[in-house]
Amino acid sequence: MRVQSSAIASTGIAVPAPTKSFGTLQAALGVAAFSLTFPATAWGLEGFGPWSLVAVRSVLAALIAAGCLSALRVPMPSRRDWPGLAVVAVGVVVGFPLLTTLALQTSTTAHAAVVVGLLPLTTALLSALRMGTRPSRPFWTAALAGAAAVVAFTVQQSGGALTTADLYLFAALLVCAAGYTEGGRLARVMPGWQVIAWALVLCLPIGVPAAALALSYEPVHLTAHSVAGLLWVAAGSQFLGLVVWYRGMAAIGIPKASQLQLAQPLLTLVWSVLLLGEHLTVAAPLTAAAVLVCIAVTQRARG
């Protein structure tokens with residue numbers, strides 16, 4: 001099979017062109033799944049408290065993961081992989097869902113989505129520090145331009161003042177980027193779905209008592225929206241989306257995969273209008289155009 005020179009991913013591994021294309025598709029499917037996370041969380045908050053929603057979604061996703069691991073008789077990861085899995089668990093399974101859920105109590109999904117649009121750049125930076133990746137100058141220029149567009153949109157929407165919700169969201173960026181980086185690294189030595197599956201199972205001993213405690217303190221009002229939101233963030237965002245996302249990162253490299261997430265806030269803006277009835281300003285389509293250009297440049301730039 002012919003290997004293109006441009007298929008040397010940021011991980012430093014030669015990737016056959018068809019595999020690279022399929023990896024891009026998988027990463028894009030992950031982004032599509034993630035774009036529904038904030039609207040689904042907003043729905044979930046209609047019937048659950050923030051702590052209950054996060055704990056229950058973690059338990060449900062962990063049970064799905066444990067079932068898959070058991071049915072396929074997947075062996076335990078090696079001892080050297082557990083520290084990385086712990087980082088994925090803290091960042092992706094616990095930290096990001098909790099911090100963004102707390103933020104969405106006072107922030108609109110549209111605003112939160114744009115702030116989290118900084119995740120691609122944050123992930124690329126942590127990847128460079130953690131794994132020694134060296135993307136090209138055009139890549140960084142486009143990534144910084146995309147981030148600048150996101151920041152400008154955020155400042156314009158918030159009137160120039162950061163809120164408590166913004167602080168939650170910025171903290172969520174850091175922990176999630178760390179989890180993505182470690183997950184992408186581990187997906188080079190084990191199937192991507194096993195990375196998130198083992199991270200979810202690792203949280204199960206904590207998630208079950210946490211869910212029981214949270215449900216005993218926070219009232220629950222089951223509605224069609226709250227149940228649908230819970231099921232999506234558990235099965236779609238927390239498991240299936242991360243499965244294809246980590247597989248995509250392993251195939252095309254962490255920095256390039258992370259830049260696909262520049263499209264995530266734009267998709268979430270669309271869902272916020274269609275599913276939640278939120279209203280967007282004229283700045284949204286302008287930001288969308290700028291971000292899409294940045295995506296095109298980063299995907300063509302060689303790492």
Side-chain angles (χ1 to χ4, degrees), residues 30-66 89-117 119 163-169 171-173 175-176 179 196 199-200 203-204 206-243 245 261 264-265 267-279:
V31 171
F34 300 154
S35 71
L36 279 163
T37 300
F38 285 174
T41 299
W43 274 8
L45 287 172
E46 294 180 12
F48 296 89
W51 297 90
S52 298
L53 182 61
V54 172
V56 173
R57 74 179 273 185
S58 174
V59 171
L60 290 178
L63 292 176
I64 296 172
V90 172
V92 178
V93 178
V94 178
F96 186 79
L98 177 59
L99 291 167
T100 53
T101 299
L102 292 174
L104 285 171
Q105 291 185 102
T106 55
S107 172
T108 65
T109 60
H111 181 84
V114 177
V115 174
V116 174
L119 184 57
T163 64
T164 301
D166 290 324
L167 298 179
Y168 281 136
L169 292 169
L173 286 175
V175 297
C176 189
I196 187 57
L200 286 164
C203 292
L204 192 55
I206 299 175
V208 171
L213 181 63
L215 289 171
S216 67
Y217 279 94
E218 294 179 335
V220 175
H221 304 288
L222 296 181
T223 64
H225 276 181
S226 63
V227 173
L230 172 62
L231 292 177
W232 178 258
V233 294
S237 303
Q238 194 84 75
F239 184 66
L240 296 177
L242 286 168
V243 167
W245 173 244
Q261 279 199 300
Q264 183 175 324
L267 292 173
T268 301
L269 290 176
V270 174
W271 297 129
S272 70
V273 173
L274 297 179
L275 300 179
L276 304 175
E278 294 183 1
H279 299 284

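Here the structure is a predicted model, which is why all the values come from computation and not from measurement.
In this structure, the side chains of Cys176 and Leu119 come closer than 4.5 Å at one or more pairs of heavy atoms. Contact annotation: the side chain of Thr108 never approaches that of Ser272 to less than 4.5 Å [non-hydrogen atoms, C-beta and beyond]. Contact of the Ile64 side chain with the Leu240 side chain is not registered, since no non-hydrogen atoms from C-beta on lie closer than 4.5 Å. The side-chain heavy atoms of Leu204 and Val208, taken from C-beta on, include a pair separated by under 4.5 Å. The shortest side-chain heavy-atom distance between Ser237 and Leu36 does not fall under the 4.5 Å cut-off. Using a 4.5 Å heavy-atom cutoff, the side chains of Thr106 and Thr164 are not in contact. A 4.5 Å side-chain heavy-atom check between Thr109 and Leu104 finds at least one atom pair inside the cut-off. Counting heavy atoms from C-beta on, the side chains of Trp271 and Ser35 come closer than 4.5 Å.
Across all non-hydrogen atoms, the minimal contact from Trp232 to Ala40 is CD1-CB, 3.7 Å. Scanning all heavy atoms of the two residues, the minimum distance from Ala172 to Phe96 falls at O-CD1, 3.5 Å. The two atoms that bring Ala89 and Ala199 nearest to each other are CB-O, 3.6 Å, heavy atoms only. The shortest heavy-atom contact between Leu276 and Ala42 is CD1-CB, 4.0 Å. What you find for Glu218 and Trp51 is that their closest heavy atoms are OE2-CD1, 3.3 Å. Nearest heavy-atom pair across Pro265 and Ala113 is CB-O, 3.0 Å.
Residue-environment remark: CD1 (Ile206) stays at or below the threshold of 12 foreign heavy atoms within 6.0 Å.
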Derivation of the side chain to side chain contact (heavy atoms under 4.5 Å, CB included) call for Phe48 and Leu222 = CA-CA 8 Å; Phe48 296 89; Leu222 296 181; 3.6 Å; yes
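Side-chain atoms of Glu278 come within 3.5 Å of backbone N or O of Ala110 as a donor-acceptor pair. For Ser226 (side chain) and Glu46 (main-chain N/O), no donor-acceptor pair under 3.5 Å exists by modelled atom type. Judged by distance alone, the side chain of Gln238 and the main-chain N or O of Ala61 form no donor-acceptor pair under 3.5 Å.
Within the model, atoms OH of Tyr168 and CG of Leu98 stand 8.5 Å from one another, a figure rounded to the nearest 0.5 Å. Rounding to the nearest 0.5 Å gives a distance of 10.0 Å between OG of Ser52 and CG of Leu45. How far CG of Leu169 is from OG1 of Thr100: 7.5 Å, rounded to the nearest 0.5 Å.
Ring orientation note: the planes of Trp245 and Phe34 are nearly perpendicular, at an angle over 60° on the 30°/60° scale.
In summary, of the residues considered (Leu200, Val93, Ile196), a side chain to side chain contact (heavy atoms under 4.5 Å, CB included) with Leu242 occurs for Ile196 alone. When each of Leu99, Thr41, Thr101, Val59 is paired with Val54, the side chain to side chain contact (heavy atoms under 4.5 Å, CB included) condition holds for Thr101 and for no other.
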